[in-house]
Each structure stands twice: as C-alpha cells, then as structure tokens.
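Written below as structure tokens is the structure these notes are about.
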Amino acid sequence: MDGSAAPLLRTRTRSTCCYCGVGCGVLIDAERDAAGSRIVGVEGDPAHPANHGRLCTKGRTLAQTAHSTQGRLLAPELRAHRQQSRRRVDWAVALDTVADRLADIVHQHGPDAVAFYLSGQLLTEDYYVFNKLAKGLLGTNNIDTNSRLCMSSAVAAYKLAFGADGPPTCYEDLELAKTVLFAGSNMAYAHPVLLRRLEDARRDDPQVRWIVIDPRRTDTAAMADLHLAIQPGTDVALFNGMLHHLLWEDLIDPAFIAGHTSGFGELKSLLREYTPRMAAELCGIEVADLIQAAEWFGRSPATLSLYCMGLNQSVHGTDKNLALIHLHLATGQIGRPGTGPFSLTGQPNAMGGREVGGMATMLAAHRDIEVAEDRAQVERLWGLPAHTLSAKPGLPAVALFDALRSGKVKAVWIACTNPVHSMPDIGHVREALQRAELVIVQEAFGNTDTVPYADVLLPAATWGEKEGTVTNSERRISRVRAAVAAPGEAKPDWWIANEVARRLEARLAPPGAAPLFAFDSTAAIFDEHRRLTVGRDLDIGGLDYARLETDGPQQWPFPANAVQGQARRYTDGVFATADGRARFHPTPYRPVAEAISAHYPLRLLTGRLRDQWHGMSRTGRVPGLFAHSPRPGLRMHPQDAARRGLAEGELVRVTGKRGELVLALQLSDELASGTVFAAMHWSGQFLSSGGINELTQPAVDARSQQPELKHAAVRVEKAEFGWHLLAARRGEVLSLQAAVQPLLKECAFAELSFAAEPGAGDDIAWLTLRAAHAQAPPDAWLDAVTQALTLSPGADSVEYRDARRGLLKRVIWRAEAGERHIDGVLLSDTQPHRIEEALLERALSGRAWRGSGLAVFAQSGHGLRDALVCNCMQVGETAIREQVAQGAGVRELQQRLGCGTVCGSCLPQLAQLCRQPQRA
Ligand SMILES: Nc1nc2c(c(=O)[nH]1)N[C@H]1C(S)=C(S)[C@@H](COP(=O)(O)OP(=O)(O)OC[C@H]3O[C@@H](n4cnc5c(=O)[nH]c(N)nc54)[C@H](O)[C@@H]3O)O[C@H]1N2
Ligand SMILES: Nc1nc2c(c(=O)[nH]1)N[C@H]1C(S)=C(S)[C@@H](COP(=O)(O)OP(=O)(O)OC[C@H]3O[C@@H](n4cnc5c(=O)[nH]c(N)nc54)[C@H](O)[C@@H]3O)O[C@H]1N2
Ligand code: SF4
Ligand SMILES: [Mo]
C-alpha cells in the first residue's frame with residue numbers, strides 16, 4: 001500500500017468459444033497486475049469465419065463464468081481407501097500414485113483392466129496424448145468418450161455411406177441452400193449463431209423453405225415453413241416414405257445413382273412398402289405434409305439437411321442417419337454448393353476427437369482398429385514394435401461402465417466429462433464407480449456429480465487458461481489460446497496425461513525403447529498429429545501452428561502445398577470407399593427400444609435449453625443465464641395434465657423402469673399429447689436427484705453403440721408431501737450453493753435455482769431453494785439449511801409462526817440507502833398452496849419495501865417479474881406482448897425495446913410471440 005498501484009496490463013487474446021460445435025471465434029480481454037490476471041470481457045471475433053463477430057447468450061457471458069475461483073479445483077487430491085476422505089497432495093505425489101496404481105493393475109490384470117472415459121470438450125492435443133497413452137503405451141483400446149452419447153451414429157453412417165467420417169458440407173452452404181431440412185435438431189437453442197446465418201439467408205431470399213422434423217414444436221420448429229411433428233423415433237419411416245414418393249414421381253437423379261453409388265436396387269425393393277400413406281401413419285402426420293416435404297426436398301435446386309441428437313440418440317441412430325443420407329444420394333443433392341447431409345457436432349471438439357482416433361473403435365487419423373494395415377501404419381509412425389497395438393476394439397461408453405460394475409475393468413480415468421450426470425441410467429454408473437478399484441477424475445470444477453467418486457482428483461486448467469486446437473462442425477481447425485494463468489495448481493489436460501505417461505513409460509516400456517512422450521508443448525503434439533494424417537482423407541500435412549497464426553482457422557483436408565483447406569468434399573462425385581462409390585444400405589423402420597405400456601404410458605423426450613450447457617458447471621455460475629428457463633421441470637401437454645388432475649407447478653413423480661425423480665410440472669403445448677420433455681441439464685448440483693438420466697435408456701444402436709437417451713417410457717403421478725419449504729437468499733450465490741448442495745439429497749424433493757436481481761451487478765444474485773418431504777424433516781436438517789443460507793432470525797428479521805399448523809414465515813431485511821429491502825426468505829408449511837410464491841417474486845424484484853414489517857406476508861407480488869426473453873437487453877415477455885398487441889412485428893420490437901438486437905438468440909421466440917398475439 002505505498003500508493004503506487006502496480007501497473008495494469010490489458011491484453012486481448014484471440015481464441016475459440018468452449019461451448020458448442022459452431023466454434024465461434026472470441027476475443028478475450030484480460031487484466032493483469034501484481035495480484036494476478038483476470039478475464040474481464042469476451043467479444044465475438046469479427047475475423048472468424050464461423051461467426052463473423054457474432055456470439056450467442058452463452059458465448060457472450062463467458063467472462064462471467066470466469067469471475068471467481070469459487071468451486072474451482074486448485075490442487076490434486078488423493079485417498080488411499082474408499083472410507084477415507086481425500087487430502088491435498090503435491091503434483092509429484094499425485095502423478096507417481098496414478099502411475100504406480102495403473103502399472104500395478106496392468107501387471108495384475110492386463111491392460112484391458114484399465115479404461116479411459118474422455119470428452120469432446122478436450123482439445124485435440126489433450127486427446128492425442130491420452131489416445132497414445134492408452135493404445136500405444138498401455139496397449140488397451142478401452143478409451144471412449146462422451147462423443148459416444150453424441151456423434152457416434154453420425155460417424156457410423158458417414159463411414160457406411162461415404163467410406164469416411166466427416167461432413168461433406170461447410171457453413172457457406174447455409175447461405176446457399178434453398179430447402180433446409182432440420183432433423184432432430186433444435187438449432188435455435190443448440191447452434192444459435194448458425195441459425196442467425198440461416199435467418200439472414202431466408203430474409204434475403206423468401207423462396208427458401210425450412211422443414212423441421214421434431215416431435216416437439218421447438219423454437220426452431222415454430223419458425224419453419226413446414227413442421228413435421230412425428231411420433232418419437234419414426235424418422236426412418238418418414239425418410240423412407242419421402243424417398244418412395246420421389247422415386248414414384250421421378251424426382252430422383254438416375255445419372256448420379258448410376259454413376260456414383262451402389263446398392264440402390266436393394267434399397268428400392270425395401271422402399272416399395274413405404275408408401276407415403278403407410279409412412280405418414282407410422283409417423284402420426286398428415287400424408288400431404290410428408291409429400292410436401294419430399295417435393296421441397298426433391299425439386300429444390302439445393303437441399304441441405306442439418307441434423308443432430310434427435311437422429312443420433314436412438315437405438316436406430318445409424319439407420320436414421322443413413323435414411324436421410326439416402327435422400328441426398330438418390331436426388332444428387334450432395335457435392336454442390338448449398339447441398340448435402342450436414343451432421344452438426346455438439347461439442348466444440350467432437351470432430352478433433354474423431355480425428356485423433358480418440359474412441360474405443362478407432363485409431364489415429366480415421367484409421368480402423370480392426371484393419372491390420374492401419375495398425376501397422378500407426379505402429380510405424382509411433383516407432384512401436386510390430387503388433388503392439390491391440391486388435392481388439394475397446395469398450396464403448398455404456399459397456400465400459402458395465403464392465404466396471406461387473407469388475408472386469410478395475411480402473412477408470414475420467415477427464416472433462418461428468419458421467420454421473422450425462423450417461424443414461426446413472427444409477428448403474430454410480431454403482432460402477434463405487435465398485436471400481438481406482439477412479440481418477442480430471443476436472444476443472446469441484447461440485448460435479450462425478451467428483452465424489454474420485455480416489456484421485458486432478459485439477460484441470462480450463463477455457464481461457466489453456467492452449468491447443470479444436471475442430472468445428474465444418475471441419476475447421478481453430479486455435480484455442482490462454483488469456484490468463486490457471487488458478488492454484490490446475491494444469492492443462494495434455495500436461496497431466498503426458499506426465500503420467502512418462503512415468504508409466506519408465507515402469508512399463510522395455511528398456512531402450514524410444515520415448516513416446518517427449519512433448520514439451522501443444523505445438524509439438526499438433527505436429528505429430530499432423531504427420532499421422534498425411535495421405536489420409538483428413539490430411540492436414542500443410543497445417544501447423546505458424547500457419548494457423550498467419551492465415552487463421554482452416555478447414556481440412558489441407559495437404560502439404562495447399563493454399564487453403566477444402567470447403568466441400570465429394571464435389572467430383574468420388575467417395576472415400578474402395579470403389580469410389582457411395583453406398584445405399586437397407587433401412588427398415590424399427591420402433592424405439594422401450595415400448596410404452598399401461599404401466600409406463602408416456603414417452604420421455606430429453607434435450608437442451610437455450611442458455612444452459614450440459615451439467616451447468618460453467619453456465620450454472622451465471623445467474624442471468626437462468627432467466628430464460630428458471631427452474632428444472634417436466635413439460636407436459638395441458639390435456640395430459642388435466643386427465644391426471646395435475647396443475648402447473650405441482651410436484652410430480654416421474655417413474656421409469658430404471659428409477660424415478662420428482663420435478664415440478666410445466667404445462668406446454670409444444671408437446672404432443674403422450675409425450676413429456678425434460679431438459680438434460682439439471683443435476684445433483686441443483687436437485688435432490690441426479691436429474692433426468694435417473695430414468696433414461698441404456699440400450700444402444702448395434703452399429704454405433706450410441707444409447708437411446710431420448711426415448712424412455714415413463715409414468716407421471718402427483719407427488720404428495722406433508723411438508724414444503726421455500727427459501728431464498730440474496731448474496732454470492734456460488735458460495736451459498738456450495739454450502740447448501742450437500743443437504744439437497746436428504747429431502748425427497750429439493751431444487752435450487754439462481755436469479756439475477758435487476759441492477760444488482762454480476763456478483764450478487766438470488767439463490768432459491770424449494771424442498772418437500774413426507775413430513776417435516778428433523779430440526780437438524782432445517783437448522784443446517786438455515787445456516788448454509790444464513791437465514792437465521794435476528795434483529796433484522798420478521799417472523800410469523802404457527803406451530804399447530806406447522807407454519808413458519810421469516811423475512812430477513814437489509815437496509816440500503818435508508819430503505820428496507822428483502823434479503824432472505826424462509827417459508828415452510830404443511831400445505832403447498834400456502835407457500836407464497838408472491839413473496840418470492842417481491843424479494844427477487846429487488847424493490848424497496850415501504851410497508852410495515854409483518855405486512856410483507858400479506859402482500860401479493862404478482863406482476864413484478866415476468867419471463868425474460870431477451871437476455872442481452874433484459875426485455876421481458878410482458879413488455880413484448882404489450883407491443884405485439886399494438887401490432888408490432890419483430891423489427892418494431894427491435895426498434896422500440898432493443899430486444900433481439902445484440903446476440904439474436906431470442907429472435908425465434910420474438911417471432912413466435914408476434915405470431916400469437918393473444919395467447920395468455
Ligand atoms: N444451449 C446449448 N447448446 C448446445 C448444448 C447445450 O448443452 N446447450 N450442447 C451441445 C451438444 S454436445 C449437442 S450434442 C447439441 C445437441 O443439439 P440438438 O440435437 O439440436 O439438441 P437436443 O435438444 O438435444 O435435441 C434436438 C431435438 O431432438 C428432438 N427429438 C427427440 N426425439 C426425436 C426423434 O425421434 N426424432 C426427431 N426428428 N427429433 C427428436 C427433441 O425434441 C429436440 O428438440 O447441442 C450443442 N449445443
Ligand atoms: N438425457 C440426456 N442425456 C444426455 C444428452 C441428452 O440429450 N439427453 N446428451 C448427451 C450428449 S450429446 C453429450 S455431449 C453429453 C455431455 O455430457 P458431459 O460430458 O458430462 O457434459 P459437461 O457438463 O459439459 O461435462 C464436461 C465436464 O468437464 C469439466 N471441464 C470443463 N473444462 C474442462 C477442462 O478444460 N478440462 C477438464 N478436465 N475438465 C473440464 C466441466 O466442469 C464438466 O464437468 O451428455 C449426454 N447426455
Ligand atoms: S453458437 Fe454460442 S455456444 Fe456455440 S460456439 Fe458460438 S457463441 Fe459459443
Ligand atoms: Mo453432444
């Protein structure tokens with residue numbers, strides 16, 4: 001404190017968004033002084049070809065996710081026995097222990113007793129080192145990733161149809177397509193910046209037609225010219241029926257079929273039975289709509305299909321992909337600008353993982369484990385003795401956790417994924433981790449549902465702190481750069497894997513063997529990866545970090561001497577199969593794995609929310625991102641609810657064959673009767689249960705091994721409880737959450753959420769806790785919650801109790817500028833309807849309370865808060881509806897209220913509100 005404050009250094013770092021597969025370029029602003037470095041802002045990179053400066057709500061709030069180190073893992077932790085709790089250790093101890101214990105297990109049980117479970121959010125360089133460690137050093141192919149839950153059906157179908165993985169298309173095709181078919185993709189939420197590009201294109205050319213295939217009327221479907229609300233899982237019947245019509249009406253391209261494909265004859269005889277009428281019946285749609293879709297597809301000068309988890313996450317995911325690809329091949333809608341089947345990747349580096357072969361069924365650079373020549377090539381390139389690589393495919397995700405549960409696999413190393421939340425049937429995943437001999441978890445954040453199972457916890461550096469590359473949906477490789485130092489002792493993933501590998505090498509490799517892990521930087525790793533791709537379909541022989549530095553992000557293939565990457569593949573009609581022809585495969589329609597029954601009469605759909613990312617370890621740190629969809633819940637059609645005597649907001653028990661959970665009911669006419677929907681995001685960080693994957697389906701597609709996460713059969717009943725609690729606290733929500741999270745599990749139902757307070761800034765917000773139980777929980781539990789949320793009575797509180805009726809109402813005040821504000825609320829009652837949500841609304845509004853103390857319990861707060869539509873400009877639904885009632889369209893809304901003028905993520909919803917001016 002000598003008055004001469006350390007000079008503040010401002011830096012701007014070019015990097016890539018860490019969320020979705022769009023792969024938007026970002027500019028990270030950071031400040032550095034004597035105390036360290038901080039990320040202070042994030043903007044879209046105008047020079048990045050994926051987004052040209054745009055970002056969605058998630059990208060725009062990236063800096064807020066990095067504000068505090070609360071909840072970050074800062075040092076390695078270890079425990080010798082399951083009964084112990086973990087203690088902090090030095091990196092040297094942690095790395096030696098991991099190497100010792102893995103080496104022991106390999107000596108005792110062989111290499112296949114060890115497994116790795118990784119993530120499409122690792123960078124290519126992280127992935128590369130892990131893959132080499134498992135396959136090249138340990139000699140096991142038991143290395144799978146969350147991409148198995150995500151992309152593996154798309155991979156299987158691309159390989160079967162074209163002979164190689166990867167989309168033939170590029171983002172420019174979004175602007176050039178005249179018919180756009182969205183299949184099982186809610187781009188308005190999941191790939192918002194690409195939807196902005198499509199919207200612009202349709203505005204410029206009103207002839208552009210959008211067809212959306214989704215059992216739900218999503219925001220994307222609401223914008224479509226034609227929405228086919230098919231019965232869940234019936235896509236193959238639909239595509240077969242469309243192709244039948246195209247065949248019948250001579251809208252196919254016989255020259256393309258004859259010149260560039262094989263297998264059409266066999267498919268044709270199968271298609272005979274898929275008349276449009278029969279197909280439409282299977283799908284539960286109008287035959288005229290099916291024909292309309294086929295006509296737009298076949299007659300368009302350029303048809304582009306965009307597809308995602310509604311196709312992949314199915315026991316027939318590979319068939320769904322193939323049946324769609326067939327439509328493109330049969331009509332020659334491929335290899336030209338604006339055409340082709342475009343699988344949208346979900347995670348930022350799902351593609352990179354595929355490139356380095358980081359899955360149980362692949363080898364580096366799109367090589368195959370089962371092909372001897374492919375193994376021999378990798379052995380030569382890695383300098384391994386012949387026949388060191390195992391020919392036995394490793395265990396894909398679901399089988400991997402089954403093998404841990406049965407004891408066949410003893411150790412698992414989990415990095416950058418949270419399987420106790422995201423795998424299907426998480427009850428079984430928990431059992432698997434409990435039974436495992438050794439669980440290593442490499443994470444950035446400490447409160448995920450997988451962390452409690454770790455015997456070794458390795459703190460990872462995360463976005464903004466680490467270096468490497470990612471490949472986006474259009475095969476474009478972008479640099480990821482560090483803007484600040486990692487907090488505490490957190491280290492980059494590649495470094496951790498590399499350090500363990502070196503130690504394992506010393507223990508396992510024959511003396512005199514050339515070192516496999518001499519990497520000293522991510523650039524060195526990328527360079528080795530580059531060399532492995534030469535001569536392959538994804539050849540990036542011409543790319544290195546220097547090139548990416550000078551020329552910016554590049555698409556593969558990019559062979560040596562190329563001046564730029566290749567935007568489109570198969571433009572010459574020559575495919576990557578042995579004979580150069582694309583292949584048709586018979587795709588009979590088959591129903592979903594779990595039939596509905598009298599016992600489980602409803603079909604559960606799962607998917608994403610606009611402003612949350614997966615298990616919310618990052619987006620769940622930003623209170624503002626909760627506004628668009630504030631609470632976990634189960635969505636149901638109002639008629640289905642009425643039939644069960646259920647009302648909006650009531651607690652319901654959702655039961656499936658594998659488990660149950662309690663959620664609040666949300667009525668929604670976006671669903672067809674007979675289906676219900678739950679977002680995948682909520683986990684044990686926010687619920688007493690582990691989230692919707694308590695119920696989901698572990699059955700897998702035979703070819704891709706991808707589980708059917710979208711289609712379990714369930715039953716929904718009223719959940720009756722004799723005791724209810726509503727608590728809310730204003731403050732630093734991350735600390736409040738850390739304190740209260742361990743208590744959630746002890747209630748039959750508990751639910752946390754955050755809410756930003758208008759004008760309160762980034763660091764102060766509201767945490768709300770709702771809980772219910774058969775009867776009032778032991779005093780100790782309520783005391784613990786009261787303490788965790790600092791809701792104890794005191795001089796600054798007012799309280800009303802009626803012990804006979806089991807009623808407690810407490811408000812904690814805060815004085816600010818001479819006025820009284822609500823700072824905390826605690827309400828418990830035996831009757832749910834007596835819990836005053838209105839009081840909560842009043843508190844969250846942040847407005848001063850001018851009445852007398854006790855009167856606060858009598859005030860209704862209705863209308864103080866409403867659903868936030870535009871996050872950037874903080875515009876709520878009420879204001880928008882008022883304008884719409886006066887005849888405003890989207891443009892007028894933008895002009896008058898400013899909504900939809902910044903990131904544009906709310907534009908689909910604005911358009912929808914304009915179309916339904918009178919809906920309540
Ligand atoms: N906001 C946000 N964006 C994300 C992510 C996120 O967590 N949050 N995650 C990223 C990742 S990893 C992925 S994989 C993508 C996923 O992106 P999407 O696949 O677009 O998203 P989902 O909501 O999982 O599923 C898409 C739609 O499939 C529909 N569906 C369900 N069953 C069927 C069916 O049988 N047939 C058809 N045709 N449709 C069906 C659902 O109703 C849902 O609307 O999103 C990426 N982007
Ligand atoms: N019911 C249902 N379940 C689903 C889906 C669905 O649609 N429905 N979708 C599936 C799909 S498509 C996907 S992709 C998966 C996603 O599921 P997960 O992979 O479990 O999702 P995330 O929450 O993104 O997990 C990434 C973890 O890595 C941590 N992390 C962040 N940065 C780093 C880093 O740099 N290094 C390390 N080591 N860790 C880091 C994060 O804190 C987070 O806990 O979920 C699947 N599960
Ligand atoms: S669309 Fe949004 S989440 Fe996806 S990369 Fe761009 S900014 Fe990130
Ligand atoms: Mo995904």
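Ligands are counted one by one from 1 in listed order, and the atoms in each one are counted from 1 as well. Basis for what follows: all heavy atoms, side chains included, without hydrogens, waters or symmetry-related copies.
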for atom 40 (C) of ligand 1, nearest protein heavy atom and its distance come out as P215 CD, 3.3 Å

When you measure from atom 46 (C) of ligand 2 to each heavy atom in P459, S422, G691, P424, which option holds the nearest one? S422

Do T450 and L433 have side chains that get closer than 4.5 Å, going by heavy atoms? yes

Is it the side chain, the backbone, both or neither of K710 that has a heavy atom closer than 4.0 Å to ligand 1? side chain

What protein heavy atom sits nearest atom 8 (N) of ligand 2, and how far off is it? T606 OG1, 2.9 Å

Ligand 1 N/O within reach of K320 N/O, cut-off under 3.5 Å: yes

Could you pull out, from M680, H681, R608, M151, the option with a heavy atom nearest to atom 12 (S) of ligand 2? R608

Per-atom contacts of ligand 2 with S617, taking only distances under 4.0 Å to non-hydrogen atoms: 41 (C), 42 (O), 43 (C), 44 (O)

Quick one: ring pair (Phe, Tyr, Trp, His ring centres under 6.0 Å) pairs with a partner in residues 470-491, sequence neighbours left out? none

Atom 10 (C) of ligand 2 sits nearest the protein heavy atom Q313 NE2, 3.4 Å

Can you tell which part of D493 has a heavy atom less than 4.0 Å from ligand 2: side chain, backbone, both or neither? side chain

Closest by any non-hydrogen atom to atom 37 (C) of ligand 1: pick that one out of D235, T234, L324. D235

So, E467 and R479, do they make that salt bridge, N to O below 4.0 Å? yes

Check ligand 2 against G615 and write out every atom of the ligand that is under 4.0 Å from a heavy-atom position of the residue. 23 (O)

Which bit of A460 is near ligand 2, meaning a heavy atom under 4.0 Å away: side chain, backbone, both or neither? side chain

Basic-acidic side-chain contact under 4.0 Å: D701, K320: no

Using a strict cut-off of 4.0 Å, indicate which atoms of ligand 1 neighbour a heavy atom of C308. 15 (C), 16 (C), 17 (O), 18 (P), 19 (O), 20 (O)

How far is atom 39 (N) of ligand 2 from the closest protein heavy atom, and which atom is that? C416 CA, 3.3 Å

Contact partition for S147 relative to ligand 2, non-hydrogen atoms under 4.0 Å: neither

Top protein contact for atom 35 (O) of ligand 2, by heavy-atom distance: A461 O, 3.0 Å

Could you name the option among H614, Q442, Q347 that has the heavy atom nearest to atom 22 (P) of ligand 2? H614

Is T417 touching ligand 2 with its side chain, its backbone, both, or neither, if touching means heavy atoms under 4.0 Å apart? both

Output the list of atoms in ligand 1 that are nearer than 4.0 Å to some heavy atom of Y189, sorted by atom number. 1 (N), 2 (C), 3 (N)

Considering the heavy atoms of W613, write down every atom of ligand 2 situated less than 4.0 Å from one of them. 24 (O)

Flag the pair Q347 / S147 as yes when at least one side-chain heavy-atom distance between them is below 4.5 Å, and no otherwise. yes

Which protein atoms of type N, O or S are found under 2.8 Å from atom 8 (Fe) of ligand 3? C17 SG

L149 heavy atoms within 4.0 Å reach ligand 2 at atoms 10 (C), 12 (S), 46 (C)

Protein heavy atom at shortest distance from atom 13 (C) of ligand 1: G346 CA, 3.2 Å

Distance col, row S629:OG vs Q666:CD, nearest 0.5 angstrom, shows 6.0 Å

Is A190 in polar range of ligand 1, meaning some N or O pair under 3.5 Å apart? yes

Could you tell me whether C20 approaches ligand 1 through its side chain, its backbone, both or neither, with non-hydrogen atoms closer than 4.0 Å? side chain

Considering only the protein, which heavy-atom contact is closest to atom 43 (C) of ligand 2, and what is its distance? E443 OE2, 3.1 Å

Going by the closest heavy atom to atom 26 (C) of ligand 1, which one wins out of G184, G607, S905, S473? G184

Starting from atom 20 (O) of ligand 1, which protein heavy atom do you reach first, and at what distance in Å? N186 N, 2.8 Å

Taking 4.0 Å as the limit for heavy-atom contacts, which would you say applies to H421 with ligand 2: side chain only, backbone only, both, or neither? neither

So if I apply the side chain to side chain contact (heavy atoms under 4.5 Å, CB included) rule between N693 and each of D449, I426, V420, which one comes out positive? I426

Could you tell me which atoms of ligand 1, counted from 1 in the order shown, lie closer than 4.0 angstrom to a heavy atom of R610? 1 (N)

Contacting atoms of ligand 1, where contact means under 4.0 angstrom from a heavy atom of K58: 1 (N), 2 (C), 3 (N)

Proximal ligand 1 atoms for H711, defined as those under 4.0 Å from one of its heavy atoms: 32 (N), 33 (C), 34 (C), 35 (O)

May I ask you to check if ligand 1 and F677 share an N or O to N or O distance below 3.5 Å? no

Between T417, T696, V398, which is the residue that forms a side chain to side chain contact (heavy atoms under 4.5 Å, CB included) with M423? V398

Which heavy atom of R196 sits nearest a heavy atom of C903, and at what distance? CD-O, 3.7 Å

Report the part of T345 in contact with ligand 1, treating N, CA, C, O as backbone and CB onward as side chain, heavy atoms under 4.0 Å; options are side chain, backbone, both, neither. neither

Contacting atoms of ligand 1, where contact means under 4.0 angstrom from a heavy atom of G233: 34 (C), 35 (O)

Which residue, R635, R217, Q912, H637, forms the side chain to side chain donor-acceptor pair (under 3.5 Å) with E670? R635

Suppose I only count heavy atoms of C150 and a 4.0 Å limit; which atoms of ligand 1 are within that range? 14 (S)

Distance filter under 4.0 Å to Q612 heavy atoms, resulting ligand 1 atoms: 1 (N), 2 (C), 6 (C), 7 (O), 8 (N)

Does at least one non-hydrogen atom of A350 fall below 4.0 angstrom from an atom of ligand 2? no

Evaluating non-hydrogen atoms only, which member of V236, I213, L306, D214 is closest to atom 27 (C) of ligand 1? D214

Winner among D449, L709, L695, N693 once heavy atoms are compared against atom 1 (N) of ligand 2: N693

Counting each atom of ligand 2 from 1 as listed, which ones have a heavy atom of T448 under 4.0 Å away? 44 (O)

Counting heavy atoms under 4.0 Å, the part of M423 that contacts ligand 2 is neither

Lys/Arg N to Asp/Glu carboxylate O, D126 vs K466, below 4.0 Å: yes

